[in-house]
Amino acid sequence: MARRRIEHAVAPARIGEFYAPETEAGAMVDESLIAAVAGLSVTASLPFLLYGAWIMIDTEVVTWNVLTRHLRYILVGLLLTTVPVVTWMMPRLLGQFSGGAVVHAFLGLQAYALLTFALTGIVRIFQAKREADAYDDPDADIDGLHEDMGKWRGRLRVGVAGFMILWLCAWVSGLYRFYNLHLAQLL
């Protein structure tokens, strides 16, 4: 029997697929490699998020220097998580409605919802402290700055704690999905 060489035509772009630059042999970059890079980026964000949180937990009085130091770590952590989510995970979600993908996406979206809830407290606390120059005065009574300060601080605590708990759950479910989709077949 003669072997026939089958040529694969490049299909048009479909919603939910990730397209990478072609290599010299005409093959696409392996999806497992991209998934590993995305997973490593999200995993690398954990120390930044935890250390940023630790800065605030360990500090009695939040001065401007403490706040900016905290934000530098948190922003790096959020970028390391959010960039892979927005550029690679979300565009592929429509094509992956398995149980694991839905759980992973639900946990991740809920984590970001709680982060948004925390931001509603953070913004108001920042505004009140800035108006009262409380970042420059370490002896300022933060609860005396505004009548709703307790509510805003509660939002901040619930939102940040919920974000971290759900982020960890989404991370674990993502690791499980990565193992099932990309590593289990190799073992």
Side-chain angles (χ1 to χ4, degrees), residues 8-58 67-122 155-187:
H8 294 285
V10 177
R14 294 186 306 207
I15 295 176
E17 288 189 298
F18 178 83
Y19 290 94
E22 292 189 22
T23 61
E24 62 190 33
M28 302 298 264
V29 173
D30 187 25
E31 185 175 283
S32 297
L33 177 64
I34 298 167
V37 169
L40 287 173
S41 178
V42 172
T43 300
S45 72
L46 181 59
F48 289 98
L49 295 172
L50 291 177
Y51 186 68
W54 178 252
I55 290 170
M56 296 305 264
I57 291 168
D58 193 41
L67 178 65
T68 55
R69 182 171 170 235
H70 159 74
L71 289 175
R72 281 193 300 265
Y73 285 96
I74 293 299
L75 289 176
V76 169
L78 287 175
L79 280 173
L80 286 170
T81 295
T82 306
V83 169
V85 167
V86 171
T87 61
W88 188 69
M89 294 176 195
M90 286 179 66
R92 297 178 69 253
L93 183 62
L94 293 176
Q96 299 183 357
F97 277 118
S98 67
V102 170
V103 168
H104 180 64
F106 177 79
L107 292 169
L109 288 174
Q110 294 307 306
Y112 279 101
L114 280 168
L115 180 61
T116 304
F117 182 69
L119 287 173
T120 64
I122 292 169
R155 285 184 198 171
L156 172 61
R157 289 182 184 115
V158 168
V160 169
F163 170 77
M164 283 309 303
I165 290 167
L166 287 169
W167 185 96
L168 286 168
C169 292
W171 179 64
V172 168
S173 70
L175 290 177
Y176 179 73
R177 290 195 68 231
F178 177 76
Y179 174 78
N180 281 336
L181 293 173
H182 303 286
L183 294 180
Q185 60 192 335
L186 299 174
L187 302 177

Quick one: pull up [atom1] in [X] and [atom2] in [Y] and give me the separation to the nearest 0.5 Å.
X      : Y      : atom1 : atom2 : answer
Ile55  : Ile74  : CD1   : CD1   : 7.5 Å
Ile122 : Leu71  : CD1   : CG    : 8.0 Å
Leu156 : Leu119 : CG    : CG    : 9.0 Å
Met164 : Trp171 : CE    : CH2   : 10.0 Å
Trp167 : Tyr112 : CH2   : OH    : 9.0 Å
His104 : Leu175 : NE2   : CG    : 9.0 Å

For [X] and [Y], indicate whether the former's side chain and the latter's backbone hold a donor-acceptor pair under 3.5 Å.
X     : Y     : result
Thr81 : Leu78 : no
His70 : Met56 : no
Ser41 : Ala38 : no
Thr82 : Leu79 : no

Side chain to side chain contact (heavy atoms under 4.5 Å, CB included), that's the test. Do Val83 and Trp88 meet it? Break it down for me. CA-CA 8 Å; Val83 169; Trp88 188 69; over 6 Å; no
Please name the pair of heavy atoms, one in [X] and one in [Y], separated by the smallest distance, quoted to 0.1 Å.
X      : Y      : value
Ser98  : Arg177 : OG-NH2, 4.3 Å
Leu93  : Ala101 : CD1-O, 4.3 Å
Val85  : Pro91  : O-CD, 4.2 Å
Phe48  : Tyr73  : CB-O, 3.4 Å
Val160 : Ala118 : N-CB, 3.8 Å

Would a 4.5 Å heavy-atom cut-off, applied to side chains only, mark Leu166 and Leu114 as touching? yes
Counting C-beta onward and ignoring hydrogens, is there a side-chain heavy-atom pair between Gln185 and Asn180 closer than 4.5 Å?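 No, their side chains stay 4.5 Å or more apart.
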List the steps and the verdict of side chain to side chain contact (heavy atoms under 4.5 Å, CB included) for Trp54 and Ile57. CA-CA 5 Å; Trp54 178 252; Ile57 291 168; 4.1 Å; yes
Ring geometry between His182 and Phe178 (parallel below 30°, tilted from 30 to 60°, perpendicular above 60°):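 The rings of Phe178 and His182 sit tilted, inter-plane angle from 30° to 60°.
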